[in-house]
Structure formats: structure tokens, C-alpha cells
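Atom set for the values below is all heavy atoms of this structure, side chains included, hydrogens, waters and symmetry mates excluded.
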Amino acid sequence: MQKRPRHLLPTETAATLASALGPADEAEAATGIRVSNGRVVEANGNDFIMRGVNHPHAWYTDRTGSLADIKTKDANTVRVVLSSGQHWPMTSVSEVSTIIGLCRQNRLICVPEVHDTTGYGEVSGAATLSQAADYWIKVRGALHGQENYVVINIGNEPHGNKGYERWASDTSAAIRQLRRAGFRHAIMVDAPNWGQDHSGTMRNDARRVFEDDPNRNTIFSIHMYGVYENADTVRDYLDFFVSAGLPLVIGEFGDWHTDGNPDEDAIIATAEQLNLGYLGWSWSGNTGGYLDMVHNFNANSLTGWGRRIFTGTDGIAATAKEATIYAGGDTSGGTTGGTGGTASRGYLSA
């Protein structure tokens, strides 16, 4: 059995033009899904609030059918685990193209992420954000022209609890690396401290990182596990970004955790009240069923966590709205689907 990863704690011209433009012109440099006035919007300016899940493609490459299953649960977004080749076999350009195609067929917005960066500074051999950016440049053939359908999450939980002081400089450098290579996509960046930002590093430096993006098209992602055990902590963190006019998504969270018991009800309710996106961890495949939403990739067999996030109060079925880009039937080959973090230690060693 393949060993699953263990988390310890939670066109050159376009880029040149974007860097030369002032704030009033930045929207013209961006295309597709983008940031506008601190909100994530589609190309037409409509708000897009992510409601979806994480799917562990890099460790289960034969489970691409899960994307259709996830859609049957009314998700509008799926965050997909990929590998840059440092820790696991590199996800090829053809695989990335297939994943994006399947997301489009199933009317989902795709948020691919490089998982090899997890816990850099604490995990031996973890990829740097620069290496993750190199990977995106290698597979850009699959990403070019997909700005309406894809948000690039540069790297998962890119710093553990050591060296996270470099988070802002490393993150800004990776963003600029992608912009120089011509990427106009919205870029998502994860917090340090195994994604949970208990040090407040992302919170304190988000404005600087956002301004460092020549396109002003960066979305911040917080992962909420044991650090977020009570509603006040959840509300305080999310309120800060909303009040600051900075775009934020809850990129991972669960209903319990080995480092503490996150308040999933508060996370879901507060995200709905503030119109923020959330992406739960994870569809299936966690060792021992830890944080699985369905049993053994069976969409008809929800776990308790799956029932909570899909059909509970303010859950995905009740709140998700499909991206308007699909209203005209632009799915690149057909439609399927419904009507309607990795967590720190989210994957344990087998």
C-alpha cells in the first residue's frame, strides 16, 4: 500500500503590462476569476463564493470519477492535490489537463495545489514555493486560457512552525515568478504554521503580499483545525480580512482534529454570514477514514462529517451557487453532476 503523507501540525507581455498599471487599471490586467474590492469575483464581476471540498488526486490518481461525485453533492469548487515531484510522483501536464477538463465537464471551479511544499522548514525534502512555481511553469500548457475556471493555489501549507518569518518574502517572490511567466490567473496562497497562522504572520503581512502581486490578484487561504476551537477565534480571524478588504477563503477545515477540536459549526456559519468561501478536507482516502466525507470514495455513503458539510445548516447543498461561467453551457465537452491538508495530520502514515 502506498504510504500516505503525514502532517505534523495543523504571457510575459501581460505581466509587464500589469506591473506598469496603476490600481485603477488592474482589473484590465486580470482576467477570469479575479479579486475586486477585496472580493473573489468572476470575469463578469459577480461574486463567486467557493463552496466545496478537497480531493487527494496525487495519491489516488485512479479516482478522477470523484469529481463527478463531488458535483452530485452540489459543490461549486474542488481543490485538487497535485505533486511537483519532490515528495510524490510529479503530476504530469496531461493529468492536469484531464483534471481541469473534468472539472469543467462537471461545472466545478478547479483549485489545483502543489502539496509537496507542506511543512517546509520542518519536513525534510519539502519543496520550496519557488520549486512549486517552477512546477506550475512546467505545466502551464494545461493552464493557459483557463483563467475562468482555475485558481492556482501555489503550494499547500508552505511553512511549518520553523522559518515561517520568511512566509511573506517567499510568497511574494513565487507570485512574481508566476507573473513574469505570464500567468494571469487568480493565485491562492496558504498561510504558514501548517496553514493555521497561529503566529498571525499571514494576517499581519497579507496587505504587503497583495500589493506585491503586479496584478493585485491574490487570494489568501486559512486552514482551520485545532487553533480554531472556539467561535470567537474563528470570527476574529475572518473579520480581520473582511474589514481590511482582503480576499480570504477557508481552504481547509474539518469537524475534529488530533491537535484540537475545531468548531466546524462556527466556521461554516461565520463563512456564510461574511460571504466567504470554504473548502472542507477531504472527500475520501484519509488513513483510517480520518476526516473522510464519504466512505471509500462511495458518494452514496456519507460519513458524519460528510453529512455535516453537505447537508447540515449553511452547508454546501444549502449555500453553494454554481459559477455563472457555466450558465451558457461552456463546459468543454458536456455536463454531469447534481442539481442542487491537507489538514495538519489530515493524512496519516499507513
Side-chain angles (χ1 to χ4, degrees), residues 11 13-15 17-18 21 25-55 57 64 67-68 70-71 74-80 82 93-113 136-137 139-154 175 178-179 181-189 213-221 247-249 251 275-279 320-338:
T11 56
T13 303
L17 174 64
L21 296 176
D25 299 312
E26 284 156 6
E28 296 179 16
T31 185
I33 297 172
R34 56 188 172 84
V35 174
S36 177
N37 296 320
R39 303 289 303 164
V40 179
V41 303
E42 293 188 69
N44 59 12
N46 285 355
D47 257 19
F48 182 68
I49 301 172
M50 296 184 189
R51 290 284 188 269
V53 306
N54 286 261
H55 171 61
H57 172 80
T64 53
L67 298 174
I70 289 167
K71 182 61 178 183
D74 297 308
N76 64 20
T77 304
V78 61
R79 182 172 180 257
V80 184
L82 306 183
V93 64
S94 62
E95 283 182 272
V96 177
S97 182
T98 295
I99 289 164
I100 294 171
L102 287 170
C103 284
R104 290 182 60 171
Q105 287 175 28
N106 289 287
R107 306 169 77 94
L108 292 161
I109 295 304
C110 185
V111 183
E113 56 99 345
W136 293 119
I137 293 168
V139 300
R140 62 181 163 185
L143 298 162
H144 179 72
Q146 301 293 337
E147 293 89 350
N148 283 322
Y149 311 96
V150 173
V151 173
I152 298 173
N153 191 174
I154 298 182
I175 293 169
L178 292 183
R179 297 301 185 210
F183 286 84
R184 299 175 68 193
H185 305 69
I187 292 174
M188 185 180 290
V189 297
D213 178 354
N215 290 14
R216 307 297 194 274
N217 201 18
T218 295
I219 302 165
F220 299 93
S221 175
L248 183 71
V249 168
N275 294 315
L276 297 178
Y278 65 70
L279 304 171
K321 294 182 180 179
E322 190 173 82
T324 59
I325 188 65
Y326 293 122
D330 184 4
T331 59
S332 185
T335 63
T336 60

| Given the rule in the side-chain contact (heavy atoms from CB on, under 4.5 Å) test, do Val249 and Phe220 qualify, once you have shown the distances and angles that lead to the verdict? | CA-CA 6 Å; Val249 168; Phe220 299 93; over 6 Å; no
Any idea which heavy atoms bring [X] and [Y] closest together, and the distance?
X	Y	result
Ser97	Ala142	N-CB, 3.7 Å
Trp136	Ile154	NE1-O, 3.1 Å
Pro247	Thr218	CG-O, 3.1 Å
Val41	Ser36	CG2-CB, 3.8 Å

As an exercise, state the distance from [atom1] of [X] to [atom2] of [Y], rounded to the nearest 0.5 Å.
X	Y	atom1	atom2	value
Lys71	Gln105	NZ	CD	13.0 Å
Phe48	Thr77	CZ	OG1	3.5 Å
Leu178	Ile187	CG	CD1	4.5 Å
Ile33	Met50	CD1	CE	6.0 Å
Arg179	His185	CZ	NE2	9.0 Å
Tyr326	Asn148	OH	CG	9.0 Å

| message | Contact between Arg39 and Leu276 at the side-chain level, heavy atoms closer than 4.5 Å - yes or no? | response | yes
| request: Would you mind reporting whether Val151 and Val40 have side-chain heavy atoms less than 4.5 Å apart? | output: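 No, side chains not in contact.
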Quick one: does [X]'s side chain have a donor or acceptor within less than 3.5 Å of a partner on [Y]'s backbone?
X	Y	value
Tyr149	Leu108	no
Asn76	Ile49	yes
Thr98	Ser94	yes
Arg51	Asp74	no
Arg216	Asp213	yes
Glu42	Ile325	yes
Gln146	Ile100	no

| query | Between Leu82, Asn153, Val80, which is the residue that forms a side chain to side chain contact (heavy atoms under 4.5 Å, CB included) with Glu113? | reply | Asn153
| message | Can you tell me if Asn44 has over 12 outside heavy atoms packed within less than 6.0 Å of its CG? | response |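 Yes, because the 6.0 Å sphere around CG of Asn44 holds more than 12 heavy atoms from other groups.
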| Results of side-chain contact (heavy atoms from CB on, under 4.5 Å) for Ser221 - residues two or more places apart only | Met188, Asp190, His223
| request: Could you tell me which residues satisfy side-chain contact (heavy atoms from CB on, under 4.5 Å) with Thr64, sequence neighbours excluded, listed by chain and number? | output: His57, Leu102
| Pair Asn54, Arg79: side-chain N/O donor-acceptor within cut-off below 3.5 Å | yes
| query | Between Ile219 and Arg34, is a side-chain contact (heavy atoms from CB on, under 4.5 Å) present by the stated rule, with each step listed? | reply | CA-CA 9 Å; Ile219 302 165; Arg34 56 188 172 84; over 6 Å; no
